[in-house]
Amino acid sequence: QMNKKIAILLWATTPEQPASCTMPFVYAAVAAAMDCEVEVHFTGLSVRLLVDGVAAGITSEQTGKTVYDLMQEASEQGVRFLACSMALKDYVAAEEAKIPEYSGAAGAASFIMRNLDPDWRVMFF
């Protein structure tokens, strides 16, 4: 039985490191297209990618698309985008709008539970 659930943790994937922003969403979309349940957990400064306009302002050198385009493609495949509630408090102002693809908050315990669950595989970017 192949595992069909993948949780991806973003921590080095930040708007300040645009070259790091492409592949997590490519991997997420590919996994979802292979009928995997996929969650992307945004931690630290990666939560800035969930702010409306931030990812749209970063163009991927690898694909020529914006990072937001890649996020939308992943979301259309069913990928869920979850943000660390601590990181949201630290790095996203209350008045900043989030992208429509944002699925909600999930703290460290949520990702740890995925890591401990034998049905899930985890990746880190």
Side-chain angles (χ1 to χ4, degrees):
Q1 167 88 8
M2 188 165 83
N3 290 70
K4 301 286 274 180
K5 299 178 180 185
I6 298 174
I8 299 172
L9 182 77
L10 304 186
W11 65 276
T13 303
T14 68
E16 294 73 27
Q17 302 292 330
S20 72
C21 294
T22 300
M23 294 319 294
F25 303 109
V26 171
Y27 276 63
V30 168
M34 296 170 72
D35 293 323
C36 293
E37 181 179 343
V38 183
E39 296 175 347
V40 178
H41 292 250
F42 294 73
T43 65
L45 284 168
S46 74
V47 296
R48 294 294 307 159
L49 294 171
L50 295 168
V51 174
D52 194 26
V54 173
I58 304 169
T59 300
S60 162
E61 290 185 20
Q62 293 103 315
T63 67
K65 298 177 181 180
T66 69
V67 172
Y68 184 57
D69 291 333
L70 299 171
M71 293 171 77
Q72 284 182 302
E73 289 171 12
S75 178
E76 287 163 10
Q77 293 283 345
V79 174
R80 295 178 60 221
F81 296 145
L82 303 167
C84 168
S85 40
M86 284 174 50
L88 283 174
K89 282 186 202 133
D90 288 345
Y91 302 117
V92 178
E95 66 274 8
E96 288 184 296
K98 292 173 199 68
I99 59 173
E101 294 78 10
Y102 170 62
S103 302
S110 298
F111 188 80
I112 295 298
M113 292 305 295
R114 294 295 189 232
N115 207 12
L116 295 173
D117 187 329
D119 289 341
W120 286 79
R121 294 290 179 262
V122 295
M123 299 175 74
F124 300 88
F125 285 93

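These numbers come from the heavy atoms of this one structure, side chains and all, not from hydrogens, waters or symmetry mates.
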Measuring from [X]:[atom1] to [Y]:[atom2], what's the distance to the nearest 0.5 Å?
{"X": "Gln17", "Y": "Leu45", "atom1": "CD", "atom2": "CG", "result": "10.0 Å"}
{"X": "His41", "Y": "Arg114", "atom1": "NE2", "atom2": "CZ", "result": "6.0 Å"}
{"X": "Lys98", "Y": "Leu49", "atom1": "NZ", "atom2": "CG", "result": "13.5 Å"}

For [X], what residues pass the side chain to side chain donor-acceptor pair (under 3.5 Å) criterion, not counting sequence neighbours?
{"X": "Gln77", "result": "none"}
{"X": "Asp69", "result": "Thr66"}
{"X": "Ser85", "result": "none"}

Please examine the side chains of [Y] and [X], heavy atoms only from C-beta on, and report whether any two atoms are closer than 4.5 Å.
{"X": "Val122", "Y": "Leu9", "result": "no"}
{"X": "Leu50", "Y": "Met71", "result": "yes"}
{"X": "Val92", "Y": "Arg48", "result": "yes"}
{"X": "Tyr68", "Y": "Glu101", "result": "yes"}
{"X": "Ser110", "Y": "Leu82", "result": "no"}

Is [Y] reachable from [X] through a run of I, L, V, M, F, W or Y residues, each pair having side-chain heavy atoms under 4.5 Å apart?
{"X": "Val26", "Y": "Ile8", "answer": "yes"}
{"X": "Ile58", "Y": "Val40", "answer": "yes"}
{"X": "Trp11", "Y": "Leu88", "answer": "no"}

If every non-hydrogen atom of [X] is compared with every non-hydrogen atom of [Y], which pair is closest and at what distance?
{"X": "Ala29", "Y": "Ala74", "value": "CB-CA, 3.9 Å"}
{"X": "Thr43", "Y": "Ser46", "value": "O-OG, 2.6 Å"}
{"X": "Val67", "Y": "Cys21", "value": "CG2-CB, 3.6 Å"}

More than 12 heavy atoms of other groups within 6.0 Å of Glu16 CD: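 Counting other residues, nucleotides and ligands, CD of Glu16 exceeds 12 neighbours.
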
More than 12 heavy atoms from other groups under 6.0 Å of CH2 on Trp120: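 Check passes, neighbour count above 12.
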
Matching residue for Phe42 among Phe81, Phe111, Tyr91 - test: ring pair (Phe, Tyr, Trp, His ring centres under 6.0 Å): Phe81

Ring centroid separation Phe25 to Phe125 under 6.0 Å: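 Phe25 vs Phe125: aromatic centres not under 6.0 Å.
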
Polar side-chain atom of Glu96 near backbone of Ala93 as donor-acceptor pair, under 3.5 Å: yes

Positive for salt bridge (charged side-chain N to carboxylate O under 4.0 Å, His left out) with Glu39, one of Arg121, Lys5, Arg80: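 Result: among Arg121, Lys5, Arg80, Arg80 is the only option passing the salt bridge (charged side-chain N to carboxylate O under 4.0 Å, His left out) with Glu39.
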
